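Take a look at the structure set out below.
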Amino acid sequence: MQRRELLRKGLLSATGIAASSLFGCSSLISASKQEGKTAWGYIGKQGPEYWGSLSDEFNICQAGNSQSPVNLQATVDADLTPLEINYKDSPLRIINNGHTIQVNYQPGSFLTLDGERYELLQFHFHHPSEHKVEGEALPMELHLVHKGKKGLAVIGVFLKEGKSNPNLQKVWKEMPNRKSSEKTISNVNISASDLLPEDKDYYRYFGSLTTPPCSETVHWIVLKEPVEISTQQVNKFSQVFPMNARPVQLVKRRFLLE
């Protein structure tokens, strides 16, 4: 199969993708902070190309120099340390915040990065993937958002079409079709560890949130190996959010490490 086709199906891990920096920023931490404030979205006059002009608080979306997501190509080989992930089970606390399906995580799970501890706050989804690999998007992307003393650390996981994912199905079964408040599903626990691929090789760069206010405070870790999700599961999410992905941004003077 051609390299482009393999990338499209998520079967090719991008090697030799290159050129940005050591940090990166993710998506929204809590849509509730935006409630009642400036409305934004993914299409029309509230779409990504207008975010920077919707509010003074969103100015960096347009004026920033370290915006996310990015196209992962021209990467630089680097001696990156293995990820130190310590996730525990959490009750399923789910919300449709109007921009994505988000699962808020119970305190006590964390990622250790550069000797610093980053607490897992929540995870959420984008359709299609926000990051691209050599110009190719995958069907979806999962973002696990952590907070530490030195900003945010976000793990991005590509989701490719394949067999049904029983761990994600716990979330899909309770997915609110419309904007909702948080609800806790009794007797249902979920482990973020079960949502990660076996191979933890990754790309790393410094960037921003991929949603307003686009703050440039994020250490991005994008795992190379995709996780499988069924076509039916992709379709169910797309019925709720036909498109909730910000276009890739210019890398500018950053380095993308792998």
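Just the heavy atoms: all of them, side chains too, but no hydrogens, waters or symmetry mates, feed the values below. Computed from a predicted structure; not experimentally measured.
In this structure, Lys183 places its NZ atom where more than 12 heavy-atom neighbours from other residues, nucleotides or ligands lie under 6.0 Å away. In this structure, Asp56 places its CG atom where only 12 or fewer heavy-atom neighbours from other residues, nucleotides or ligands lie under 6.0 Å away. In Lys200, the NZ atom is crowded: over 12 heavy atoms of neighbouring residues, nucleotides or ligands sit closer than 6.0 Å.
Side-chain atoms of Ser66 never come within 3.5 Å of backbone atoms of Gly207 as a donor-acceptor pair (strictly under, hydrogens ignored). Not one N or O on the side chain of Trp51 forms a donor-acceptor pair closer than 3.5 Å with the backbone of Pro213. Between the side chain of Gln249 and the main chain of Ser68, no donor-acceptor pair closer than 3.5 Å is present. A donor-acceptor pair under 3.5 Å links the side-chain atoms of Arg254 to the main chain of Gln67, judged by distance alone. Side-chain atoms of Glu228 do not come within 3.5 Å of backbone N or O of Leu159 as any donor-acceptor pair. Listed for the Ser238 side chain is no donor-acceptor partner under 3.5 Å among the backbone atoms of Phe241. Side-chain atoms of Asn244 come within 3.5 Å of backbone N or O of Phe125 as a donor-acceptor pair. Between the side chain of Glu116 and the backbone N or O of Leu113 there is no donor-acceptor pair closer than 3.5 Å.
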- [ ] For side-chain contact (heavy atoms from CB on, under 4.5 Å), just list the numbers for Ile229 and Met140, CA-CA rounded to whole Å, side-chain angles, deciding distance to a tenth of an Å, and then say yes or no.
- [x] CA-CA 9 Å; Ile229 180 174; Met140 292 187 64; 4.2 Å; yes
Open item on the list: Walk me through whether Lys252 and Asn65 qualify under side-chain hydrogen bond (donor to acceptor under 3.5 Å, both in side chains).
Closed with: CA-CA 7 Å; Lys252 296 188 177 180; Asn65 291 312; 3.2 Å; yes
Open item on the list: Applying salt bridge (Lys or Arg N to Asp or Glu O under 4.0 Å) to Arg117 and Glu119, what does each step give before you reach the verdict?
Closed with: CA-CA 6 Å; Arg117 176 166 166 155; Glu119 294 285 335; 2.6 Å; yes
Task: Test salt bridge (Lys or Arg N to Asp or Glu O under 4.0 Å) applied to Lys170 and Asp194, step by step - done: CA-CA 11 Å; Lys170 293 180 181 180; Asp194 294 335; 5.6 Å; no
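Residue His126 forms a ring-ring contact (aromatic ring centres under 6.0 Å, His included) with just one option from His143, His99, His131, and that option is His143. If you run side-chain contact (heavy atoms from CB on, under 4.5 Å) between Trp40 and each of Pro212, Ser55, Cys61, only Pro212 comes through. Exactly one of Leu83, Val157, Val154, Leu144 qualifies for a side-chain contact (heavy atoms from CB on, under 4.5 Å) with Ile221. That residue is Leu83.
Here the CG-CZ distance, from Leu72 to Arg204, works out to 14.0 Å after rounding to the nearest 0.5 Å. To the nearest 0.5 Å, atom CG of residue Leu92 and atom OH of residue Tyr105 are 10.0 Å apart. Glu174 contributes atom CD, which lies 11.5 Å from atom OG of Ser180 (distance to the nearest 0.5 angstrom). Put simply, NZ on Lys45 and CG on Leu54 are 11.0 Å apart, with the number rounded to the nearest 0.5 Å. Separating the CG atom in Asn177 from the CG atom in Asn96 is a distance of 8.0 Å, to the nearest 0.5 Å. In this structure, CE in Met175 is found 6.5 Å from CD1 in Ile94, a value given to the nearest 0.5 Å.
Counting only heavy atoms from C-beta outward, the side chains of Leu223 and Phe158 never approach each other to under 4.5 Å. For the pair Pro139/Pro128, no side-chain contact is recorded, criterion being any heavy-atom separation below 4.5 Å from C-beta on. Using a 4.5 Å cut-off on side-chain heavy atoms (C-beta onward), Trp172 and Lys236 make contact. Using a 4.5 Å cut-off on side-chain heavy atoms (C-beta onward), Lys88 and Gln106 make no contact. A 4.5 Å side-chain heavy-atom check between Asp77 and Glu258 finds at least one atom pair inside the cut-off. In this structure, Asn167 and Ile190 have side chains that are not in contact, with every pair of non-hydrogen atoms separated by 4.5 Å or more. Using a 4.5 Å heavy-atom cutoff, the side chains of Val133 and Asn71 are not in contact. Counting only heavy atoms from C-beta outward, the side chains of Thr100 and Thr211 never approach each other to under 4.5 Å.
The hydrophobic clustering, which links ILVMFWY residues whose side-chain heavy atoms are closer than 4.5 Å, places Ile95 and Phe237 apart. Neither Phe110 nor Ile155 shares a network with the other; the hydrophobic side chains, linked directly or stepwise wherever heavy atoms of I, L, V, M, F, W or Y lie under 4.5 Å apart, form separate groups for each. The cluster map of Ile, Leu, Val, Met, Phe, Trp and Tyr, joined by side-chain heavy atoms under 4.5 Å apart, puts Val171 and Val227 in the same cluster. Note on Leu142 and Tyr118: same hydrophobic cluster, where clusters join Ile, Leu, Val, Met, Phe, Trp and Tyr whose side-chain heavy atoms are under 4.5 Å apart, directly or indirectly. Hydrophobic cluster membership differs between Val248 and Tyr42, with clusters built from Ile, Leu, Val, Met, Phe, Trp and Tyr side chains linked at under 4.5 angstrom.
Geometric assessment of Lys224 against the ring of Tyr203 yields a positive cation-pi assignment under the 6.0 Å and 45° thresholds.
Taking both residues in full, the closest heavy atoms of Pro91 and Asn189 are given as CA-OD1, 3.4 Å, listed atom of the first, atom of the second, then distance. Annotation for Pro197 and Pro226: closest pair CB-O, 4.3 Å, computed over non-hydrogen atoms. Gly156 and Glu141 make their closest contact through CA-OE2, 4.1 Å (heavy atoms, listed as atom of the first residue, atom of the second, distance). Looking at every heavy atom in both residues, Pro176 comes nearest to Ile101 through O-CD1, 3.7 Å. Considering all non-hydrogen atoms of both residues, Gly41 and Pro48 come closest at O-CD, 3.8 Å.
Between His146 and Tyr87, the ring planes lie parallel to each other; the angle is under 30°, not in the 30° to 60° tilted range.
Between Arg246 and Glu130, none of the side-chain N atoms (NZ, or NE/NH1/NH2) sits under 4.0 Å from a carboxylate O, so this pair counts as no salt bridge.
A donor atom on one side chain and an acceptor atom on the other are found under 3.5 Å apart for Asn104 and Glu182.
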